[in-house]
Protein chains: 2
Amino acid sequence: MLPDKAIGILKHEAPVAIATASTDGRPHVVGTWNSYVELEGNTLLIPAGHFNRTEENLASNNKIEVMIASKEVEGNYGLGAGFLISGTASFQNSGPLFDRMKSRFDWARAVLVVNVDKCEQTL
Amino acid sequence: MLPDKAIGILKHEAPVAIATASTDGRPHVVGTWNSYVELEGNTLLIPAGHFNRTEENLASNNKIEVMIASKEVEGNYGLGAGFLISGTASFQNSGPLFDRMKSRFDWARAVLVVNVDKCEQTL
């Protein structure tokens, strides 16, 4: 599970960064908002609108890093806190997790399911 | 040069995401804040405190993607705008660009210099 401070960050609106890479090492980052991220046990659920290159990357290389941050949360050096979440991820366009996100985000074509291996405070 | 709307985003505080990858395809993302990014012609200047894995990745694979976003700027679908900046990057720990950033951020051990190839509005 994510630590309480990380969960607290999700309550302050800010961009979330989702980084993947192609197998030949081309990095890619896409975004969502803190308020769009849902937690289900040790996974993050993120509604996917476009995210085409992210899906393409994950199909051959399922490693992912997600950064969440807020300038409004006290961090290690004063105001401003951030966490780096690493793990593996996949897209689901059917099933209970997809239905749950689709009911809230009607534009979602899939849900990005991130299995969290590690969540470290970086700021 | 970055379009005016992208420059406008930098005036609203929010996390900036900086994505790189190892040559074997391990993605990595680190962050800074919109207010820390400076422009110099077609390059972004970002003060580097830690960013160790970013520096390591760039030493063997100089591709980078940077995401800037703000929920306070009107985007393609209402409030919330974002840009994806792609290019190449390197660390500099001496020279005029480093001195410039170091004078503003005394904790900076280097400046991350991002040469912008493309800047596209994604939101």
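Basis for what follows: all heavy atoms, side chains included, without hydrogens, waters or symmetry-related copies. In what follows, chains carry the letters A, B, and so on, assigned in the order in which the sequence lines appear, proteins first and then strands, with residues in each chain numbered from 1.
Proximity to chain A at a heavy-atom threshold of 4.5 Å picks out Val29(B), Val30(B), Gly31(B), Trp33(B), Tyr36(B) from residues 29-46 of chain B, in numerical order. The interface of residues 116-123 of chain A with chain B, defined by heavy-atom distances below 4.5 Å, comprises Leu123(A).
Evaluation of the side-chain hydrogen bond (donor to acceptor under 3.5 Å, both in side chains) rule for Glu74(B) yields no partner, not counting sequence neighbours. For Ala110(B), the side-chain contact (heavy atoms from CB on, under 4.5 Å) partners two or more places apart in sequence, or in a different chain, are Ala48(B), Phe91(B), Asn93(B).
Val16(A) and Ile85(A) fall within a single hydrophobic cluster, where Ile, Leu, Val, Met, Phe, Trp and Tyr are joined by side-chain heavy atoms under 4.5 Å apart, directly or via other members. When the side chains of ILVMFWY residues are joined at heavy-atom separations under 4.5 Å, either directly or via intervening members, Phe98(B) and Trp107(B) end up in a single hydrophobic cluster. Val66(B) and Val73(B) fall within a single hydrophobic cluster, where Ile, Leu, Val, Met, Phe, Trp and Tyr side chains are chained together by heavy-atom contacts under 4.5 Å. Follow the hydrophobic side-chain contacts under 4.5 Å out from Val113(B) and you never reach Ile64(B); the two are in separate clusters. Residues Leu2(A) and Val111(A) are members of separate hydrophobic clusters, defined by side-chain heavy-atom contacts under 4.5 angstrom among Ile, Leu, Val, Met, Phe, Trp and Tyr.
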> Passes side chain to side chain contact (heavy atoms under 4.5 Å, CB included), Met67(B) versus Met67(A)? Steps please.
Replying inline: CA-CA 12 Å; Met67(B) 184 185 74; Met67(A) 183 185 75; over 6 Å; no
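Between Pro15(A) and Pro15(B) there is a side-chain heavy-atom pair separated by less than 4.5 Å.
Rounded to the nearest 0.5 Å, atoms CD (Glu72(B)) and CD (Glu13(A)) are 10.0 Å apart. Between Lys63(A) atom NZ and His28(B) atom NE2 the span is 15.0 Å, to the nearest 0.5 Å.
With a threshold of 4.5 angstrom between heavy atoms, Tyr77(A) approaches chain B through side-chain atoms but not through N, CA, C or O. For Ser60(B), no part lies under 4.5 angstrom from a heavy atom of chain A.
A 6.0 Å sphere centred on CG of Asn76(B) holds more than 12 heavy atoms belonging to other residues, nucleotides or ligands. Heavy-atom contacts from other residues, nucleotides or ligands closer than 6.0 Å to CZ of Arg26(B) number 12 or fewer.
In terms of non-hydrogen atom pairs under 4.5 Å with chain B, the most contact-rich of Ser70(A), Ser22(A), Ala14(A), Gly82(A) is Ser70(A).
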